[in-house]
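Order of listing sets the numbers, starting from 1, for every ligand and every atom in it.
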Amino acid sequence: MQETLLQLKNISVHYGGVKALDGVTISLDEGEFVALMGPNGAGKSTVLKAIFGLAPIEKGEVRWRGSVISPISHEMVERGVSFVPQGRRMFTHLTVLENLEMGGFVIRDSKLLKERINEALDLFPMLKPKLKAKSGTLSGGGQQMVALARGLITDPKVLLLDEPSLGLAPKLVKAVFEKIHEIHKRRGVAIIIVEHNIKSLLHIVSRAYVFDKGSVVIEGKAESIVDSGILERVFLGHVGGG
Ligand SMILES: Nc1ncnc2c1ncn2[C@@H]1O[C@H](COP(=O)(O)OP(=O)(O)OP(=O)(O)O)[C@@H](O)[C@H]1O
Ligand SMILES: [Mg+2]
């Protein structure tokens, strides 16, 4: 069996009066590829933010390689977690290369940083001729590729991807998913992806969690979740989360 890298046990998060997560338990093994699904506002992004120290955890436990931790972003980066947030937050006025360098802000050794950027560019050769271009001039698909490449600069063990296909044309969605598949295969990095488009990911995702109203309503093999029809019911609001 693979080692469990990351566990959330009974995690609750409130934003003021809004309960974003209510007793959520999930786990991620080394090298695993897991999807989080569910309707808008279900709490998917909050799960990723909680892991990355960006959401106020009120209750519950986060474990990294079995030990209880309090997630703080820069410490999570040091542990090997990389977060590619929803909406591919990009420094649009900076060049592609500068954005990649920002992804390695914790790397003090400039030679190592260069190496890491070159390794990332091996996976994203289409960015090579664009290194000097302002990121804001790239297409949505191009910017998503930069965001993914930037997420790899720290050579992560875990990649947190929040809706990488959001707002992209179908052809670009396919290209982005193929890249993510390649990252998973070539780097052996464990991935948690928030994605509506689960059917296009079935061949690469091993497990999925379906969220509704801040809770996990079902967890299991991706195929069995799709076959169960639960997704349709959750998206139609026919499954109660509380
Ligand atoms: N910073 C915040 N302040 C207040 N409420 C928030 C904040 N962030 C999220 N929420 C609320 O918490 C709940 C969960 O939000 P979250 O962004 O995790 O959902 P999501 O499943 O990612 O949705 P989407 O599919 O729209 O991205 C929602 O009710 C949302 O309005
Ligand atoms: Mg979200």
Heavy atoms only, cut-off 4.0 Å: how does Val18 contact ligand 1, side chain, backbone, both, or neither? side chain
What residue and heavy atom of the protein are closest to atom 27 (O) of ligand 1, and at what distance? Gln86 NE2, 3.0 Å
Are more than 12 heavy atoms, taken from residues, nucleotides or ligands other than Phe91, located less than 6.0 Å from that residue's CZ atom? no
Ala20 versus ligand 1: do any nitrogen or oxygen atoms come within less than 3.5 Å of each other? no
Ser82 side chain to Gly151 main-chain N or O, any donor-acceptor pair under 3.5 Å? yes
Protein contact for atom 2 (C) of ligand 1 (heavy atom, distance under 4.0 Å): yes
Between Arg65 and Glu30 (salt bridge meaning N to carboxylate O under 4.0 Å), is one present in this structure? yes
Which residue and non-hydrogen atom of the protein lie closest to atom 28 (C) of ligand 1, and at what distance in Å? Gly41 O, 3.7 Å
Taking distance alone, with no angle check, do Gly43 and ligand 1 share an N/O pair under 3.5 Å? yes
Please check if atom NZ in Lys128 has more than 12 non-hydrogen atoms from other residues, nucleotides or ligands closer than 6.0 Å. yes
Return the residue, atom name and 0.1 Å-rounded distance of the protein heavy atom closest to atom 26 (O) of ligand 1. Asn40 ND2, 2.9 Å
In terms of side-chain heavy atoms, does Glu58 have a donor or acceptor partner in Ser12 at a distance below 3.5 Å? no
Nearby protein N/O/S atoms (those under 2.8 Å) for the Mg ion (ligand 2), with water ignored: Ser45 OG, Gln86 OE1
Pair Leu123, Arg186 - check side chain to side chain contact (heavy atoms under 4.5 Å, CB included), show working. CA-CA 9 Å; Leu123 268 163; Arg186 277 176 55 179; 3.9 Å; yes
Quick check: does any side chain N or O of His181 sit under 3.5 Å from a backbone N or O of Leu201, one acting as donor and the other as acceptor? no
Counting from 1 in the order shown, the ligand 1 atoms closer than 4.0 Å to a non-hydrogen atom of Ser45 are 17 (O), 18 (O), 20 (P), 22 (O), 27 (O)
Could you establish whether Glu163 and ligand 1 come within less than 4.0 Å of each other, counting only heavy atoms on the residue side? yes
the protein heavy atom lying closest to atom 25 (O) of ligand 1 turns out to be Lys44 NZ, 2.8 Å
Donor-acceptor pair, side chain of Glu98 and main chain of Thr95, under 3.5 angstrom: yes
Test item: protein heavy atom less than 4.0 Å from atom 31 (O) of ligand 1: no
Atoms of ligand 1 less than 4.0 Å from Pro39 heavy atoms? 21 (O)
Consider every N or O of Gly38 and every N or O of ligand 1, then say whether any pair is closer than 3.5 Å. no
Taking the side chain from Lys44 and the backbone from Gly38, do they hold a donor-acceptor pair closer than 3.5 Å? yes
Would you kindly say whether Asn99 and Ser135 are connected by a side-chain donor-acceptor distance under 3.5 Å? yes
Would you please name every residue forming a side chain to side chain contact (heavy atoms under 4.5 Å, CB included) with Asp109, sequence neighbours left out? Lys111, Leu112
Run down the list Thr46, Leu48, Val13 and name the one with the heavy atom closest to atom 15 (O) of ligand 1. Thr46
Protein heavy-atom partner closest to atom 6 (C) of ligand 1 - residue, atom, separation in Å: Tyr15 CD1, 3.2 Å
With a 3.5 Å distance limit and no angle check, can you tell me whether Glu182 reaches the backbone of Lys179 through a side-chain donor-acceptor pair? no
Check: Phe33 main-chain N/O paired with Ser206 side-chain donor or acceptor under 3.5 Å: yes
